[in-house]
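Everything below concerns the one structure shown next.
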Amino acid sequence: MGLSEKLWHHQYWLPPGATWEDMRESADTHYPKPQDLWLCIPGALLLIVVRCVFERTIALPLGRRLGVRDKQRPKAQPSATLEGFYKLLGRIPKEEDLISVAKQSGLPVRAVQTWFRHRRAQDHPRLTKRFCEASWRFTFYFTSFFSGVALLYDKPWVWDHTVCWLKYPQQPLLPTLGWFYLLELSFYWSLVITLPFDVKRKDFKEQIIHHIATITLIFVSYCANLIRLGVMIMLVHDASDYLLELAKVLHYMKWKRVCEAVFIVFAVVFISSRLVIFPLITYYYYMTKFEMFFLSCLINAFLMVLQLLHIFWSYLILRMIFGVILYGAKKKDARSDTEESDGSEAEDAAKNE
């Protein structure tokens with residue numbers, strides 16, 4: 001038995017007693033095929049192209065019409081010496097390092113501090129860039145969520161989750177759900193590809209973990225024909241994501257009251273969907289009603305990773321909300337982009353990142 005045959009052996013991918021022969025296709029019956037997922041590569045590249053066109057032709061002009069403007073930032077004077085120290089010491093050097101740089105460059109310490117502050121400001125993304133990125137993610141999540149609702153609302157296994165496992169794995173693949181799966185997988189791959197170029201968020205490391213877990217779950221659930229469970233989990237996640245991006249868009253537009261109202265709705269939807277509905281679907285129905293095997297244990301591990309991230313983000317959201325209510329703290333999304341104020345306040349803001 002070759003390596004490929006061992007990897008795709010039915011005992012790893014299917015419950016006990018089931019084999020790949022049980023999923024043999026006919027003229028009217030089709031099942032998921034692993035090779036279908038190769039389409040996510042051109043799909044991700046296509047989404048990146050669509051995103052670039054959307055941001056330049058729709059989001060950017062729309063933002064300008066809505067009053068989203070970039071502030072003028074002072075530019076750091078070109079200096080090869082200081083630029084070298086900037087790359088060597090980082091964006092926020094220690095005080096003793098600043099003194100050392102001042103001596104080696106022959107400049108006053110205050111001048112070096114000012115140069116580093118202006119140089120940091122140049123590296124920070126403009127408001128219009130953040131607006132365009134949030135607009136794109138809002139558009140995708142909004143479209144994805146309501147498309148998923150339209151696809152699933154009449155499916156009996158959405159309202160009775162025990163039907164998810166009826167005759168499993170002999171559950172024919174609906175073409176619309178197959179394309180929905182590929183769209184979601186392509187989108188998350190596009191996010192991974194553009195990570196180095198996108199605005200870096202405070203929860204950057206958590207986002208990487210989330211993307212890896214999500215891509216893995218989409219891949220293995222598709223190969224094992226766990227489409228019904230997978231689509232419901234995607235829908236639960238998309239239910240709150242578009243609200244967060246909408247709140248960001250409103251924040252960049254400076255629509256304070258509307259932004260606060262949308263964020264409260266987001267918090268309610270996020271916590272109820274991620275801490276109540278998600279565990280109910282995955283742990284109660286999946287772990288208690290379904291016979292465990294190798295792949296199901298792997299899926300459970302990645303679902304647990306997602307749940308831990310949900311708890312972490314819920315904690316940040318609640319801490320921010322209670323901080324505003326009890327202490328009048330500055331209203332700022334705990335999952336938002338890493339931002340730095342323009343102008344002379346840049347240094348103080350950077351220290352709080």
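All residue numbers refer to positions in the sequence shown, counting from 1.
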Query raised in the report: Can any side-chain N or O of Trp159 pair as donor or acceptor with the backbone N or O of Tyr153 at less than 3.5 Å?
Result: yes
Query raised in the report: With Ser272, which residues qualify under side-chain hydrogen bond (donor to acceptor under 3.5 Å, both in side chains), at least two apart?
Result: none
Query - Among Phe54, Tyr242, Phe187, side chain to side chain contact (heavy atoms under 4.5 Å, CB included) partner for Phe140 - result: Phe187
Requested in this report: Compute the centroid of each ring, for Tyr141 and then for Phe145, and state whether the two points are separated by less than 6.0 Å.
Outcome: no
Query raised in the report: So, do Tyr315 and Phe312 have ring centers that fall under 6.0 Å from each other?
Result: no
Query - Transitive ILVMFWY side-chain link Ile212 to Ile299, under 4.5 Å - result: no
Report task. May I ask you to check whether over 12 heavy atoms, not counting those of Trp157, lie within 6.0 Å of atom CH2? Result -> yes
For the residue pair [X] and [Y], establish whether any side-chain heavy-atom pair is separated by less than 4.5 Å.
X	Y	result
Leu127	Arg69	no
Ile233	Leu217	no
Leu174	Leu151	no
Leu177	Leu152	yes

Euclidean distance, [Y] [atom2] relative to [X] [atom1], rounded to 0.5 Å:
X	Y	atom1	atom2	answer
Leu46	Leu39	CG	CG	11.5 Å
Leu306	Ile209	CG	CD1	10.5 Å
Leu45	Trp189	CG	CH2	11.5 Å

Query raised in the report: If you look at every heavy atom in Leu243 and Val262, which pair is closest and at what distance?
Result: O-CG1, 3.6 Å
Report task. May I ask you to say whether Arg274 pairs ionically with Asp241, meaning some side-chain N is under 4.0 Å from a carboxylate O? Result -> yes
Requested in this report: Decide, yes or no, whether a salt bridge links Arg51 with Asp198 under the criterion of side-chain N to carboxylate O below 4.0 Å.
Outcome: yes
Requested in this report: Any pair with a residue in residues 225-239 that passes side-chain hydrogen bond (donor to acceptor under 3.5 Å, both in side chains), sequence neighbours left out, goes on the list, sorted by first then second residue, please.
Outcome: Ser144-Asp238, His237-His310
